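This report refers to the structure that appears directly beneath it.
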Amino acid sequence: MLMVLFQVMTPEEAYAAIDLPILGLLFGTMVVSIFLERADMFQYLGSILSWKSLGSKDLLFRVCLVSAVASALFTNDTTCVVLTEFILKVARQNNLPPQPFLLALASSSNIGSSATPIGNPQNLVIAVTSGISFGSFLFGIFPAMIVGVLTNTCILLCYFWKYLSLEKDRDQEDAGHEVVVADDEVSSHRFTPARMSHVSSVNGDADYMSETMRRSDSMSRGGDTLRSRSYNSEGDRDIQVAIRSLRASSMSQEMVEVSTVCDRGRDEGPRKVTRTTSHQRSVIIEDAPEKEAFHEKEKPQEEEEVKRKTWKEFVWKTAVYLTTLGMLISLLMGLNMSWTAITAALVLLALDFTDAQACLEKVSYSLLIFFCGMFITVDGFNRTGIPNALWELVEPHARIDSAKGIALLAVVILVLSNVASNVPTVLLLGTRVAASAGAISPASEKKAWLILAWVSTVAGNLTLLGSAANLIVCEQARRAQFHGYNLTFWSHLRFGVPSTIIITAIGLLIVVSY
């Protein structure tokens, strides 16, 4: 809006600056990710983390691997949103520090998302702008991504090895206090509504029993008082006998009332219950046959309804998975990425047995609007001539035909990605870097796009503000209801700086040699 108001560009030029294919690809991938989340895909991925885990270090490796693969297929932001709280829960239940696992999720999601055009927004821009096919993009960065994830895992293990080992030793030393730790863990992190209802029912029975005992004690005290007075007059013995009979009748009436109230809380129909005054226990003597017969008639109908719903859910999940698989195969075959993603989204919306409004409401329309504004802003900034002037100063020293040029280009991308964010960096440098490399050879142009994709993505691990995935993990962890954790800026920076520099350098060697 400001670009138009200050007459930097006309409304027609502002509309033309919006890249509709990128918006279509982004919208389609978001819809597919939402349906995969509804189909419990991320729950299955999360179950892999805790399945037959061999310890804290094995769990850390699984977090790195699963988050990287999920981010390459379903975008890094979606992966971080879904897996953060689950990873926190697993760490708390196993008495492990959350910090290494949160860092593993955020950093591995960024690294893994670099492998495919649909992994993150900047890759979408690069793939659409450069025209590189899905398969060429995948085979060009996938080896660097695998090595980067393994390197990131090794750095995390080296950085937190002693910390994780101390936690393990502490668990062994505190084996004698296992019961106390388990109780605290349940009350803090695994308190479910089912357990709460169970506790309330037990407390309810205890209240009934305590009330009965209190009444019986009060009656006994009253009887003892009258008994002491009976020795004063012979005529009071008749009163004492009457009070004892009255107490016995009131006690039996209380037993009947208590058993009636307890039985009404159940769905098993009316029961005849007897309580012994010595132990205060209920013994079921007889059930109503009419209620059992009614339930026996309802059971086949309920079982049939459950089977029908289970089969319907299975068919729907299968359709979602097959549609997603078909989208990935179509992308690998080189079909238009934007139309392929939109088609997959429309198929999923059509296959949905319910109203699709619930899924469409989860689409991040604010992100789409943000991209529209960013396209207009970057195009208006390019019209000022400032980016061209700055690039002319850097371009002679940042050509990719030399090791020094590649290193300088990587530093420029790394700094701009953390200062101006990675997507604006790609929009500003993309065509200029490609044009500079294209003057060398067509193969160099493709290599320049891949270098831009790799460095701009891994640069998000440098600081907590480097990528949206980092902020999502930090915010989701802080807002977790029972097992929250505050991931600070400095704790991320201490790990992010060495990890980003090492992984960027190793990945560049692999991408350049492609």
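It should be emphasised that the depicted structure is a prediction, and the values quoted were computed from it without experimental measurement.
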How long is the span from the CG atom in Leu349 to the CG atom in Leu360, to the nearest 0.5 Å?
5.0 Å
Do Tyr159 and Leu103 come close enough that some side-chain heavy atom pair is under 4.5 Å?
no
Nearest heavy-atom neighbours spanning Leu83 and Val66:
CD1-CG1, 4.5 Å
Is Tyr44 atom OH crowded by more than 12 heavy atoms from other residues, nucleotides or ligands, each under 6.0 Å away?
yes
Residue pair Leu416, Leu428: steps toward the side chain to side chain contact (heavy atoms under 4.5 Å, CB included) verdict:
CA-CA 10 Å; Leu416 283 179; Leu428 287 172; 5.9 Å; no
Contact between Ile376 and Met9 at the side-chain level, heavy atoms closer than 4.5 Å - yes or no?
yes
Is the number of heavy atoms from other residues, nucleotides or ligands under 6.0 Å of Tyr15 OH greater than 12?
no
What do the steps show when you test Thr340 against Thr343 for side-chain hydrogen bond (donor to acceptor under 3.5 Å, both in side chains), and what is the final call?
CA-CA 5 Å; Thr340 300; Thr343 302; over 6 Å; no
Which heavy atom of Asn76 sits nearest to which heavy atom of Ala469, and what is that distance?
ND2-CB, 4.1 Å
Carboxylate-amine/guanidinium proximity below 4.0 Å for Glu313 and Lys317:
yes
Point-to-point distance, once rounded to the nearest 0.5 Å, from CZ of Arg38 to OG of Ser33
14.0 Å
Minimum heavy-atom distance Phe371-Pro121, with the two atoms named
CZ-CB, 3.2 Å
Going by salt bridge (Lys or Arg N to Asp or Glu O under 4.0 Å), name the pairs with one or both residues in residues 369-394, residues two or more places apart or in two chains.
Glu13-Arg383, Asp379-Arg383
Where Asn382 and Pro387 come nearest, the two heavy atoms and their spacing:
OD1-CG, 3.5 Å
Indicate yes or no for a side-chain donor-acceptor contact from Ser417 to the backbone of Asn422 under 3.5 Å, with no hydrogens or angles considered.
no
Are Ser107 and Phe495 close enough, and set up right, to give a side chain to side chain contact (heavy atoms under 4.5 Å, CB included), and what steps lead you there?
CA-CA 10 Å; Ser107 58; Phe495 163 76; 4.0 Å; yes
Report, as yes or no, whether the 6.0 Å neighbourhood of atom CZ on Phe61 holds more than 12 heavy atoms from other residues, nucleotides or ligands.
no
State, with a plain yes or no, whether a side-chain heavy atom of Leu429 is found less than 4.5 Å away from one of Trp391.
yes
Residues Leu332, Leu138; criterion side chain to side chain contact (heavy atoms under 4.5 Å, CB included); working and verdict:
CA-CA 9 Å; Leu332 286 173; Leu138 176 64; 4.0 Å; yes
Output yes when a side-chain donor or acceptor of Thr504 lies under 3.5 Å from a complementary backbone atom of Ile501, and no otherwise.
no
Gap separating the OG atom of Ser338 from the CG atom of Asp19, nearest 0.5 angstrom:
8.0 Å
Given Ser467, which partner from the list Asn418, Asn110, Asn120 fulfils the side-chain hydrogen bond (donor to acceptor under 3.5 Å, both in side chains) test?
Asn110
Between the side chain of Thr457 and the main-chain N/O of Ala453, is any donor-acceptor distance below 3.5 Å?
yes
First locate atom CD1 of Ile413, then atom CD1 of Ile451, and finally report the distance between them rounded to the nearest 0.5 Å.
7.5 Å
Given 3.5 Å as the limit, does a donor-acceptor pair link the side chain of Asn470 with the main chain of Gly460, or not?
yes
Among residues two or more places apart or on two chains, list those pairs meeting salt bridge (Lys or Arg N to Asp or Glu O under 4.0 Å) that have a residue in residues 459-475.
Glu475-Arg478, Glu475-Arg479
So do Phe160 and Leu60 actually touch side chain to side chain, heavy atoms under 4.5 Å?
no
By side chain to side chain contact (heavy atoms under 4.5 Å, CB included), which residues pair with Phe139, not counting sequence neighbours?
Tyr514
More than 12 heavy atoms of other residues, nucleotides or ligands under 6.0 Å from OH of Tyr321: is that the case?
yes
Just wondering, are more than 12 heavy atoms of other shown residues or ligands nearer than 6.0 Å to CZ in Phe381?
yes
Correct closest heavy-atom pair for Gly112 and Met145 would be CA-CG, 3.6 Å
Who pairs with Ile34 by side chain to side chain contact (heavy atoms under 4.5 Å, CB included), at least two apart in sequence or on another chain?
Cys359, Lys362, Val363
Can you tell me if Ser421 uses its side chain to pair, donor with acceptor, with the backbone of Pro424 under 3.5 Å?
no
Which pair of non-hydrogen atoms, one from Leu102 and one from Ala477, has the smallest distance, and what is that distance?
CD1-CB, 3.8 Å
Taking Thr116 for its side chain and Leu73 for its backbone only, find out whether a donor-acceptor pair lies under 3.5 Å.
no
Asp401: salt bridge (charged side-chain N to carboxylate O under 4.0 Å, His left out) partners, not counting sequence neighbours
none
Checking Ala468 now: which residues fulfil side chain to side chain contact (heavy atoms under 4.5 Å, CB included) with it, not counting sequence neighbours?
Asp77
Side chains of Glu395 and Ser436: any donor to acceptor distance under 3.5 Å?
yes
Are the side chains of Leu23 and Cys372 in touch, meaning some heavy atoms are under 4.5 Å apart?
yes
For Thr78 and Glu37, test the side chains for any donor-to-acceptor distance below 3.5 angstrom and give the result as yes or no.
no
May I ask you to decide if Gly326's main-chain N or O and Ser330's side chain share a donor-acceptor pair within less than 3.5 Å?
yes
Rounded to the nearest 0.5 Å, what's the gap from CG on Leu26 to OG on Ser364? Could you check?
8.0 Å
Quick one: does Leu351's side chain get under 4.5 Å of Phe35's, heavy atoms only?
no
Could you check whether any side-chain N or O of Thr79 sits under 3.5 Å from a backbone N or O of Thr75, counting only pairs where one atom can act as donor and the other as acceptor?
yes
Residues Leu464, Leu493; criterion side chain to side chain contact (heavy atoms under 4.5 Å, CB included); working and verdict
CA-CA 7 Å; Leu464 187 63; Leu493 186 67; over 6 Å; no
Between Trp161 and Leu156, is any pair of side-chain heavy atoms under 4.5 Å apart?
no
Can you check whether Leu368 reaches Met30 side chain to side chain, under 4.5 Å on heavy atoms?
yes
Is a side-chain donor or acceptor of Ser491 paired with a backbone partner of Thr488 at a separation under 3.5 angstrom?
yes
Does the side chain of Thr500 come under 3.5 Å of the side chain of Asn461 through a donor N or O and an acceptor N or O?
no
Out of curiosity, Phe74 CZ to Ser113 OG, how far, rounded to the nearest 0.5 Å?
13.5 Å
Sub-3.5 Å donor-acceptor pair from the side chain of Thr324 to the main-chain atoms of Val320, do we have one?
yes
